[in-house]
Amino acid sequence: MSRARLGRYLLLQARDFIVDRALAIVITFGLVVMMSYESLGPGGRALIERGGVHAWELAARAIEQPVSFTWFITALMAVHGISANDRTSGRFRLLFAKPVSVAHFYGQAFALYGVLYLVLALLFVASMGAIFPIARVTAVGAFAVLVASYLLVGGVCFLLSALWRFDWGTTIALAGALTYLAAKFRHHPWLNGFPPFWELADQADSLKYLEPLEWRPLVWASAYGVACFLLGLVVLRRRPLAT
Amino acid sequence: MIEFAGVGRTYAPLGGRRVRAVDDMTFTVRAGEVFGIAGPNGAGKSTMISMLLGFMSPSEGRVTVDGRAPRQFVEREGIGYLSELVEINPRWRARDAMVRFAILAGIPARAMDASVNEAMTLMSLEEHAGKRVKELSKGTRQRLALGQALLGDSRVLVLDEPTHGLDPLWTQRFRELVPTLRRPDRAIVIASHNLDELERLADRVAIVDRGRLQRIVETRGGVSDTAVTRYRIAYRGGEEAVREVFPGATSLAPGEVEVDVAGLEGLNRGLAALIERGVLVVAATPAYSVLEEHFRQAVRSDA
């Protein structure tokens, strides 16, 4: 047997993403788009039709709510169980008896899922833009938050999935606890060592101000997520698949 | 080709009881041979196979495949592996699953269709090609898993309970298939509860029990000339004579007993004594096959 060319497996991993994950993400994005539209009311719709700055402000508020609501959950949908599911179901046995590197296999899946998730995020922002007169600064900001959320939430979840089976539950608990702690102890330096979920929540929240987002927290959150992903690859290289 | 050198493995779950699954196991599987692993449930077979595939590391000792750490060997060359519990994504279709495994086995794109078709035909899966894995019967799933194990011309094949779930026809076909898989540069390991199957297919069989290698049996050896062996004797008439010659005989049915006899000479002396007393001997056959006899002794002697 010769070493597998994992690149050829890419299309099949894309199919897995579409079948197993994309539908749930599309439904979530679709529902929030619908809810945003429904919540406008006749006054809001009239304001949008008139256009101008007030319409932009309304659109910014209209996109802030769904992004705040979905950035965490959709990124989690895209990545949860990425490696843990195969271990707990025992499917790893037939997959990794083949000439395949475990880290390479799941690393490729994470990168591909990221690209596909961002396509869905782009469609989400575009469909919001079709309903509301979204200012460019708001659209770019919303997309940037979703990119950073995939990297941070996905990266943390990838690491936890490499470590054990309860990755999604742990990610939710961790994010919840850290957001609470960040609200209580805002500027304590010890918080800097933890995944900065609260920074993304803040950035999603500030989408409503029609101003460019702060890039530093977004870059920091993304870098933190990438570091977790890389650490996850190291764990996958070293950990036993069977326990 | 495959070497276990002083291998031990202890499971130490957090807050749980430590379990010694494999203890001081040393043996070699040579290229060109079919090597069996037999043992009761919980003997350590699955742990041995997990270590052989690099799915877990030994707590002590060393496992090597072709001189390399197992995971290193697997990631470079792959092992044709059929797992005891066939776990394939239930939503995949049978042919789709085979294509996936073929890609992962490193089969080039130009040979993909031919290899997949060959595996599907060999396992008579053509009519199931479009079915989802969850729609397949246990035996058909087992054939799918066996087919994927044979993709890619691996130098090491590990078949864990290969006939589990197969009907008698496919069990027979599997037994005919294994000799065709033999190659001078290939080692085949078969783990099974079915001693008859191992005796037919394997050159040597490791008997393991409670994590320890009890003995390695050469299956082509035949009945021992000297060891105590249990024989089944069928006869006509002279029940008292049978009791007299073989006082420890266990009656199985009218005209049929089992006796423990030391060596072939002892058996022949006993049969001669029966014939002298007017008993008609219909048949005298080992009550157990060579492997079964070893298995009984090895597993019982340590109990």
Side-chain angles (χ1 to χ4, degrees), chain A residues 1-24 81-109 112 162-166 233-243, chain B residues 9 11-14 46-47 49-58 70-92 96-97 99-109 112 133 144-146 148-158 160:
Chain A
M1 253 193 273
S2 60
R3 197 165 189 160
R5 295 208 175 118
L6 267 180
R8 283 171 51 212
Y9 202 75
L10 208 62
L11 273 180
L12 295 162
Q13 284 178 318
R15 206 159 83 187
D16 290 340
F17 179 85
I18 291 163
V19 172
D20 297 335
R21 298 165 191 270
L23 193 63
I82 189 166
S83 62
N85 285 356
D86 288 336
R87 284 198 312 279
T88 49
S89 66
R91 286 178 209 150
F92 74 91
R93 291 187 168 273
L94 297 187
L95 292 175
F96 299 116
K98 303 293 182 212
V100 172
S101 150
V102 179
H104 192 164
F105 184 88
Y106 290 118
Q108 174 173 295
L112 176 70
L163 285 169
W164 73 337
R165 59 196 289 196
F166 306 106
L233 292 179
V234 174
V235 172
L236 286 173
R237 273 208 78 76
R238 293 178 175 272
R239 68 154 294 151
L241 287 166
T243 48
Chain B
R9 171 75 201 187
Y11 291 105
L14 273 177
S46 298
T47 304
I49 288 174
S50 283
M51 290 191 285
L52 171 55
L53 286 146
F55 292 155
M56 64 170 64
S57 305
R71 201 63 230 153
Q72 221 179 347
F73 179 86
V74 170
E75 288 193 2
R76 181 139 303 270
E77 292 199 31
I79 286 180
Y81 173 52
L82 166 64
S83 56
E84 182 183 4
L85 294 172
V86 175
E87 295 294 354
I88 301 174
N89 192 326
R91 283 205 294 267
W92 293 353
D96 176 41
V99 168
R100 285 173 182 259
F101 288 120
I103 292 173
L104 295 179
I107 291 172
M112 180 63 65
V133 170
L144 177 64
L146 182 57
Q148 69 76 34
L150 303 181
L151 289 165
D153 205 27
S154 174
R155 287 199 295 146
V156 177
L157 290 180
V158 177
D160 193 359

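Convention: sequence-line order gives letters A, B, ...; per-chain numbering from 1.
The side-chain heavy atoms of B/Leu82 and A/Leu94, taken from C-beta on, include no pair separated by under 4.5 Å. A 4.5 Å side-chain heavy-atom check between A/Lys98 and B/Ser154 finds every atom pair outside the cut-off. The closest side-chain heavy-atom distance from B/Phe55 to A/Val102 is not below 4.5 Å. Side-chain contact between B/Arg71 and A/Phe96 is present, with heavy atoms from C-beta onward closer than 4.5 Å.
Rounding to the nearest 0.5 Å places CZ of A/Arg93 at 8.0 Å from CG of B/Leu85. Distance check: B/Glu87 CD to A/Leu95 CG gives 11.0 Å after rounding to the nearest 0.5 Å.
Contacts between A/Arg237 and chain B at a heavy-atom distance below 4.5 Å involve the side chain alone, from C-beta outward. Residue B/Ala102: no heavy atom, backbone or side chain, is found under 4.5 Å from chain A. For A/Asp20, the parts lying near chain B are the backbone and the side chain together; criterion is any non-hydrogen pair under 4.5 Å. For A/Phe105, the part lying near chain B is the side chain, with the backbone staying farther off; criterion is any non-hydrogen pair under 4.5 Å. Looking at B/Met112, the atoms closer than 4.5 Å to chain A (heavy atoms on both sides) all sit in the side chain, from C-beta outward. Only the side chain of B/Asp96 comes within less than 4.5 Å of a heavy atom of chain A; its backbone N, CA, C and O stay farther away. At a 4.5 Å heavy-atom cutoff, the contact between A/Arg15 and chain B is made by side-chain atoms alone. Contacts of B/Phe73 with chain A are absent, with no heavy-atom separation under 4.5 Å from either backbone or side chain.
For the set B/Ile88, B/Leu53, B/Thr47, B/Val86, the count of heavy-atom pairs under 4.5 angstrom toward chain A peaks at B/Ile88. Contact count versus chain A (heavy atoms, under 4.5 Å) is highest, among B/Ser57, B/Ala145, B/Ala109, for B/Ala109.
Shortest non-hydrogen contact noted between A/Leu12 and B/Ile103 is CD1-CD1, 3.5 Å. Taking all atoms of both residues into account, the shortest heavy-atom contact from A/Ala242 to B/Ser50 is CB-OG, 4.0 Å.
Under a cut-off of 6.0 angstrom, the local environment of CZ in A/Arg239 is crowded, with over 12 non-hydrogen atoms contributed by other residues, nucleotides or ligands.
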